[in-house]
S.K.: 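I'd like to ask you about the structure that follows.
All residue numbers in this chain count up from 1 along the given sequence.
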Amino acid sequence: MPRPKKKQTRPAASASAPPSARMLDLIIGYWVSQLVHVAAKLQLADLLKDGPKSCAELAARTGTEPHRLYRLLRALASVGVFAERKAGRFALTPLATTLRSDRPDSMRDFALMMVERYNWDPWSRLLDGVSGEEVPFHAVHGMNAFEYLAKHPDDGVIFGRSMTSLSRTENPAVEAAYDFSRLGTLVDVGGSHGHLLAAILQKNRRLRGILFDQPHVLEQAKRAPYVSGSAVKERIKMMPGDFFISVPEGADAYIMKYILHDWDDDACVTILKHCRQSMAIGGRVLVVDTVIPPGNRRHWGKLLDINMLVATGGRERTKEEFGAIFQAAGLKIRRIHPTACPLSIVEGVSAS
């Protein structure tokens, strides 16, 4: 006798689904963001790394109510984050594993940072940002994002760790896409905890590096594991400063990852001019950002661009838009180097 067919739950709408079904999934996207954020805060993936557990066990470890925690886990399992097993026990899935804090591909810190209230609230003001010159983050908090992080060091630490979580996959791709071996000294402008600079120096043993950032950021970098690694610590110098005033002089190259996208064109021209004025003869500027492609295809940079509108008033740029700010700073694009991640390296040299 054939078994009765199991009732199917509604999966996420596929590309062939009616437009209304696909739009429904887009509309409720923030529900999933909040579910992932709470799972990250509760460290559920860490608690499940040794095998499935019941909601009662998980609730006892997280200080939550078992039945409500079950509902949260059931919802996450419906989108592939965690899986419900027999007797109401839950287990990790490949997606859920990326929320483990001990994994090299962990996205937990990014999930914590991106959906925390200080970032979440400005997104509710997106319409204001699109309608005028207002930066939603500034409107909500009364200060820009960098001032906020400096005044809220706990959030600043999570921000730095969240950038590192992205960097674990991006930085090897950046290092592999450019020949750094021909350089003598590389300045990482606004280099945060030094993850990118350390990754480049580990692969290029003759290269020396300068980690350049604000003093409070460099204090955090000293406590991070990247610049203190035995393979690089003797070749990295930390220099505090403000790239709107100056950058270290005499280097062969100045690399900036996720820096120019924080700022409007005038600010970017100022930063680029300081690099051009300071670099050694034959030096270059290496801007590591997304380069927005033409057409309608999905691209990380097109969504990241809106986050920059909300958070900093900055933007992602096209090849032509990079060309314009480079030209205004006395530079010209020598080449755009694609990488194995969504970022590209826009290489600029002196125009004269």
Side-chain angles (χ1 to χ4, degrees), residues 9 11-12 28-120 153-173 192-196 198-199 202 220-221 223-231 300 340-342:
T9 55
I28 65 171
Y30 77 95
W31 296 0
V32 179
S33 297
Q34 284 286 5
L35 287 166
V36 171
H37 178 68
V38 171
K41 280 212 157 187
L42 295 176
Q43 296 184 276
L44 293 173
D46 286 338
L47 295 175
L48 291 171
K49 67 181 181 181
D50 295 324
K53 288 182 173 61
S54 69
C55 276
E57 293 176 271
L58 294 171
R61 297 284 296 275
T62 58
T64 55
E65 199 282 321
H67 297 294
R68 293 189 175 194
L69 181 61
Y70 171 78
R71 291 163 64 184
L72 180 130
L73 284 163
R74 179 177 63 185
L76 283 164
S78 76
V79 293
V81 184
F82 305 114
E84 186 173 5
R85 305 300 189 204
K86 293 181 179 180
R89 294 166 68 82
F90 284 86
L92 292 176
T93 61
L95 269 180
T97 299
T98 68
L99 293 179
R100 280 177 52 176
S101 59
D102 60 345
R103 296 271 302 185
D105 60 348
S106 174
M107 296 296 291
R108 177 176 180 263
D109 289 319
F110 195 75
L112 290 175
M113 182 276 293
M114 202 69 249
V115 194
E116 193 55 82
R117 282 291 299 272
Y118 79 90
N119 277 322
W120 181 266
D154 289 344
D155 288 327
V157 169
I158 294 295
F159 175 81
R161 287 182 358 207
S162 73
M163 293 299 98
T164 297
S165 72
L166 285 182
S167 295
R168 289 189 185 102
T169 56
E170 293 172 342
N171 288 351
S192 189
H193 293 179
H195 192 282
L196 173 62
Q202 284 174 358
Q220 295 172 7
R223 296 190 292 271
Y226 313 111
V227 299
S228 60
S230 59
W300 159 246
C341 71

S.K.: Between CD1 of Ile158 and OH of Tyr118, what distance do you get to the nearest 0.5 Å?
M.R.: 8.5 Å
S.K.: Between Leu35 and Val79, is any pair of side-chain heavy atoms under 4.5 Å apart?
M.R.: no
S.K.: Would you name the heavy atoms of Met114 and Asn119 that are closest together and state the gap between them?
M.R.: O-CB, 3.5 Å
S.K.: Any non-hydrogen side-chain atom of Ser106 less than 4.5 Å from a side-chain atom of Arg100?
M.R.: no
S.K.: Taking atom CZ of Phe82 and atom OG1 of Thr93, what is their separation to the nearest 0.5 Å?
M.R.: 7.0 Å
S.K.: What closest approach, in Å, do Cys55 and Leu69 show between heavy atoms, and which atom pair accounts for it?
M.R.: O-CD2, 4.0 Å
S.K.: Ignoring hydrogens and angles, tell me if any N or O in the side chain of Arg161 forms a donor-acceptor pair with the backbone of Asp109 under 3.5 Å.
M.R.: no
S.K.: Ignoring hydrogens and geometry, is there a side-chain-to-backbone donor-acceptor pair from Glu65 to Arg68 under 3.5 Å?
M.R.: yes
S.K.: Please round to the nearest 0.5 Å and tell me the distance separating atom CG of Leu76 and atom CG of Leu95.
M.R.: 10.5 Å
S.K.: Tell me the closest heavy-atom pair linking Ala96 and Ala45, and the distance in Å.
M.R.: O-CB, 3.4 Å
S.K.: Got a second to check how far Leu99's CG is from Leu42's CG, nearest 0.5 Å?
M.R.: 11.0 Å
S.K.: Answer with yes or no whether the side chains of Ser54 and Glu57 bring together a donor and an acceptor at under 3.5 Å.
M.R.: yes
S.K.: Give the minimum heavy-atom separation between Ala111 and Val36, together with the two atoms involved.
M.R.: CB-CG1, 4.0 Å
S.K.: Any heavy-atom pair between the side chains of Thr97 and Arg103 that's under 4.5 Å?
M.R.: yes
S.K.: Which heavy atom of Ser167 sits nearest a heavy atom of His195, and at what distance?
M.R.: CB-ND1, 3.7 Å
S.K.: Step by step, work out the side-chain contact (heavy atoms from CB on, under 4.5 Å) result for Leu166 and Met107.
M.R.: CA-CA 7 Å; Leu166 285 182; Met107 296 296 291; 3.9 Å; yes
S.K.: Quick one: does any side-chain atom of Asp102 pair with a main-chain N or O of Asp46 as donor and acceptor, under 3.5 Å?
M.R.: no
S.K.: Would you say Glu84 and Leu73 make side-chain contact, with heavy atoms under 4.5 Å?
M.R.: no
S.K.: Are the side chain of Thr98 and the backbone of Pro94 linked by a donor-acceptor contact shorter than 3.5 Å?
M.R.: no
S.K.: What distance do Gln220 atom CD and Phe159 atom CZ have between them, rounded to the nearest 0.5 Å?
M.R.: 10.0 Å
S.K.: Which atom pair, heavy atoms only, marks the closest approach of Arg108 to Ser101?
M.R.: CD-CB, 4.1 Å
S.K.: Would you give the length of the straight line joining atom CZ of Phe90 to atom CG of Leu47, rounded to the nearest 0.5 angstrom?
M.R.: 14.0 Å
S.K.: I'd like to know whether the aromatic ring centres of His193 and Tyr226 sit less than 6.0 Å apart in this structure.
M.R.: no
S.K.: Quick one: does Leu44's side chain get under 4.5 Å of Leu72's, heavy atoms only?
M.R.: yes
S.K.: A side-chain contact here means heavy atoms from C-beta on lying under 4.5 Å apart; do Met163 and Met113 qualify?
M.R.: yes
